[in-house]
Student: 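Below are the structure tokens for one structure; questions will follow.
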Amino acid sequence: MDPKILLRKLEREIAARKAAESILEKKALELFQTNEALKGLNETLEQEIELRTEKMISFDKKYRDLVETIDEVIYHADLKGNFIFMNQNGPARFGFKYEEMIEAHYSKFVHPDDIENTRNFYRNMMLEDKDNSYLQFRIISKDGQIRWIGQSVKAVREEGQIIKFAAVARDITERKKLIDALNEAKELAESAQKAEKQFLANMSHEIRTPLNAIIGMSHLLSDTKLDIDQSEYVDVLLSSSTILHSLISDVLDISKIDAGHIEIQEKEFDLISLLKILEKTFAVKLENKAIEMKLDIEEGIDTMLIGDELLLSQVFFNLLGNAEKFTEHGNILLKVGIKEHTSAYIKINFEVKDTGIGIPKNKIDDIFKKFKQVSEDKKFKYGGTGLGLPITKKIINLMGGDLAVESIEGLGSVFHFELNFRNTGKPIVSKVAFDINSDSFKQPTFPILVVEDNPLNQKYIGRLLTKWAFNYEFANHGKEAIHKCNEKEYALIFMDIQMPIMDGIEAAKNIRNTNNLNQNVPIIALTASSLLSIKDETKQIGMNDFLSKPFTPLELQIALSKYFATQAHQDKAINEIDAKFRFHKELDQSYIEENYGNDLVYTLDMFETFLDSFEKDNAKLKQGISDKDIKICARYCHKIKPMFTIVGLDKITTYFESLESLLKANEWEGFISTYNTVEVAIIDAYNLITKEVSRLRKHLSAGTVD
Amino acid sequence: MKGIVFTEFLEMVEKEFGLEIADHIIENSKLESQGAYTAIGTYSHDEMLQLISNLSTKTETDIPILLKAFGRYLFDTFLSSYPGFFERTTSAFDFLESIENHIHVEVRKLYSDAELPSFTTQRVEDIGFEMIYSSERKMADFAEGLIERTMEYYKTPYEMKKVNINEEGSMVKFTIMKK
């Protein structure tokens with residue numbers, strides 16, 4: 001072998017060794033440097049640890065200070081309920097030493113009555129796996145005092161499992177006392193408020209009931225044969241009890257308005273007829289005085305309006321009553337003017353003008369203030385509570401207007417206000433003028449039911465109904481009324497509200513909502529409660545009207561006249577009918593004549609009632625047919641059956657007779673096929689009556705034939 | 001390229017072809033290192049290409065055959081010099097997987113600048129094995145030799161298929177099936 005090759009190899013190996021040494025040296029240097037750097041890093045780390053430790057110590061001290069100075073007991077309890085950590089000062093707040101509490105079981109300190117609760121509290125936290133919870137309980141301090149504790153507890157977990165509880169417990173004894181005191185005060189206040197309400201309601205009832213008897217009996221007494229002295233005594237009796245009545249009403253009303261218990265109930269009403277009734281009512285009241293009642297309505301109010309008719313009529317009663325009180329002679333004028341008239345609303349200005357004593361200039365601001373009257377001597381002379389005008393003003397405010405007055409002392413006063421009414425656009429169906437002077441009513445087929453527990457009131461109403469030749473029956477309470485309503489039909493029901501066994505509200509609800517002979521009969525509530533408050537409830541349950549007790553014979557007469565035609569207008573109607581109106585030839589003329597005595601208003605009312613009832617009952621019958629409910633079908637066939645006779649279509653009644661007898665014989669198929677055959681005739685008959693009703697309405701409002 | 005590759009290569013050349021041939025290929029290459037290689041040094045890949053190319057010319061043997069032989073040789077070197085590589089492996093597939101997952105990791109700890117080929121592996125049931133060689137050095141033949149020797153060492157009869165994934169041969173897939 002060429003030694004040169006070996007030499008070269010050797011040289012290369014030497015060079016490689018040197019290179020390796022140099023690399024290793026370099027590596028060693030790197031290593032050294034890295035080591036130095038690590039040392040430095042180590043030092044920095046040590047410094048940092050020292051700093052952090054210091055910080056932690058100071059932080060820990062802060063925490064400890066916080067834990068020890070805080071006004072709460074902070075503790076950890078293990079799952080058995082032993083305290084495993086507690087702030088040093090915590091136990092001191094309850095007179096215990098730290099050593100006494102740490103490692104002790106909580107139940108040693110808890111009030112015996114609360115141990116069960118406390119145990120359940122912790123148990124629930126575990127069972128329901130809760131993280132946070134709050135509990136109030138009592139403990140007994142070292143000196144035997146009961147202290148209330150409120151504690152927030154947090155579950156401390158390790159790998160999801162609760163391992164102990166951390167809690168902050170605070171002495172809430174003082175706060176608890178305060179809350180108890182507040183609650184007590186609240187309850188007291190609430191019960192006082194409740195008692196006040198109850199007192200008002202009771203007072204209303206308790207005072208009005210005997211007053212009703214006094215006023216009623218005085219009226220009856222004045223109708224008997226009395227000598228001059230006796231008659232004078234009765235007059236005083238009447239006027240005093242009437243004053244007492246209005247006084248009580250005013251006090252109750254103002255307290256209700258003040259308490260915000262009065263709400264506006266807007267519905268469709270006929271302003272013109274309201275005004276006309278007021279005119280007539282006051283004309284009768286003023287008969288014995290040298291005062292004339294005048295009503296002046298600007299032409300143009302010919303549609304039904306939306307408003308609170310009841311509150312409005314109370315306003316007029318108050319203002320007209322006020323005018324009457326302070327006027328000796330001359331006239332009282334109720335003037336009604338249209339300020340704005342659109343299809344959407346009508347703005348109306350009302351004026352009550354009297355020729356009375358007037359109001360002195362310096363007193364004019366006082367008259368709307370509660371319990372203020374112009375002067376003490378006038379109070380003595382004219383009586384009253386001084387609440388009438390403030391009430392009236394407040395009611396007008398509620399309706400969106402304002403009452404103002406102009407007056408010249410000695411010449412008279414004008415009270416005026418403006419109100420906006422929404423306009424329905426529906427024409428007023430004018431009623432035949434109501435004649436208050438007629439003492440005679442067109443007698444209904446059925447008697448009137450008077451539901452009233454007070455025998456004196458029974459006697460009073462009874463006498464008046466007898467006077468007007470009504471047949472009537474009494475029920476002594478709601479339950480008896482319901483029983484009677486199931487037995488026979490009545491023309492109208494007077495329903496007292498407060499009665500033993502079952503009150504009038506309950507009874508009326510029952511009559512309205514259950515299937516009985518009088519489900520749709522007018523019900524007039526008789527109530528000793530204040531006029532303004534009871535209306536909501538009676539209207540809501542479907543009662544038609546109400547009379548506030550004590551009522552005068554006139555008021556009862558007005559109420560009745562809404563449902564029964566008076567003889568006077570009946571006569572007028574007869575003339576008109578004979579002259580002008582002819583029923584459709586399909587209708588049984590002789591039956592109508594015999595039963596409605598040619599009273600078109602009454603006939604219209606009956607026909608309208610027919611449409612109403614038939615629509616309702618026919619809908620139920622149809623439902624029964626689609627449900628294949630033989631019982632329901634039988635019931636409504638029976639109900640509808642007599643209706644067509646009433647409108648002079650006896651033929652249709654015979655259809656329903658057959659339908660009913662088929663159902664009674666369980667002949668469903670036969671019933672269906674018969675029904676399908678006669679259905680067209682029934683619908684034709686219904687349409688015919690609908691047409692007749694609209695013809696009648698037109699005739700009555702226009703006084704012409706079609 | 002790590003020095004150990006050069007030292008082992010030259011050692012193989014000396015053993016298989018003699019000192020003269022080793023000297024010849026060094027002398028006939030233009031080497032920056034002058035052929036003085038130390039296992040812990042790092043040298044240009046170009047030097048390896050020159051050495052192999054000269055060896056091929058001198059011995060009239062194709063480069064792939066030489067590379068394959070080198071692969072086989074290196075396995076045996078590992079076996080004697082680095083028994084630690086084999087402590088945890090009991091089968092050929094285990095060892096092939098450990099090249100990427102264990103050996104290369106260890107190499108990188110010592111030489112952070114080492115440029116290593118990548119071997120991504122995937123077993124197909126228990127009998128099949130896929131290995132993708134990926135390196136800009138394009139020395140898949142070397143890898144083939146290494147795989148062959150591994151299979152032999154673990155006494156695993158097999159069939160092997162070698163497919164170039166790209167044209168230049170920087171990515172090559174080996175599919176090995178046990179027989």
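The model shown is predicted, which means the values in this text are computed figures rather than measured ones.
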Student: Hey, which residues of residues 24-34 of chain B are touching chain A, say heavy atoms under 4.5 Å apart?
Tutor: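 Against chain A, the residues of residues 24-34 of chain B that fall inside the cut-off (heavy atoms, under 4.5 Å) are I26(B), E27(B), Q34(B).
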Student: With a cut-off of 6.0 Å (strictly less than), are more than 12 heavy atoms of other residues, nucleotides or ligands near CD of E168(B)?
Tutor: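 Counting neighbours around CD of E168(B), more than 12 heavy atoms of other residues, nucleotides or ligands fall under 6.0 Å, so yes.
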Student: Within a reach of under 6.0 Å around CD of E103(A), are more than 12 heavy atoms found that belong to other residues, nucleotides or ligands?
Tutor: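 Counting other residues, nucleotides and ligands, CD of E103(A) stays at 12 neighbours or fewer.
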Student: Kindly check if the number of other-residue, nucleotide or ligand heavy atoms within 6.0 Å of CD (E125(B)) is above 12?
Tutor: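 No, the 6.0 Å shell around CD holds no more than 12 heavy atoms from other groups.
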Student: To the nearest 0.5 Å, what is the distance between CG (L19(B)) and CG (L6(A))?
Tutor: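 Result: 6.0 Å between the selected atoms.
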Student: Tell me, side chain or backbone of K27(A) under 4.5 Å from chain B's heavy atoms, or both, or neither?
Tutor: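 Just its side chain gets close to chain B.
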Student: Is the number of heavy atoms from other residues, nucleotides or ligands within 6.0 Å of CZ (R123(B)) greater than 12?
Tutor: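 Yes, CZ of R123(B) has more than 12 neighbouring heavy atoms, counting only those of other groups under 6.0 Å.
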Student: First locate atom NZ of K18(A), then atom OG1 of T38(B), and finally report the distance between them rounded to the nearest 0.5 Å.
Tutor: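 Going from NZ on K18(A) over to OG1 on T38(B), the span is 14.0 Å.
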Student: Can you confirm whether R12(A) sits close enough to D23(B) that some side-chain heavy atom of one is under 4.5 Å from a side-chain heavy atom of the other?
Tutor: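 Yes, side chains in contact.
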Student: Can you establish whether the number of heavy atoms outside R157(A) located under 6.0 Å from its atom CZ is more than 12?
Tutor: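 Count over threshold, so yes.
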Student: Does a sphere of radius 6.0 Å around OH in Y134(A) hold more than 12 heavy atoms from other residues, nucleotides or ligands, not counting ones at 6.0 Å or beyond?
Tutor: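 Atom OH in Y134(A) is packed in, count exceeds 12.
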Student: Verify the neighbour count for atom CE of M126(A): are there more than 12 heavy atoms of other residues, nucleotides or ligands below 6.0 Å?
Tutor: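 Yes - once you tally the heavy atoms of other residues, nucleotides and ligands closer than 6.0 Å, there are more than 12.
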Student: Please check if the number of heavy atoms outside R137(B) that lie under 6.0 Å from its CZ is greater than 12.
Tutor: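 Buried by this count: over 12 neighbours within 6.0 Å.
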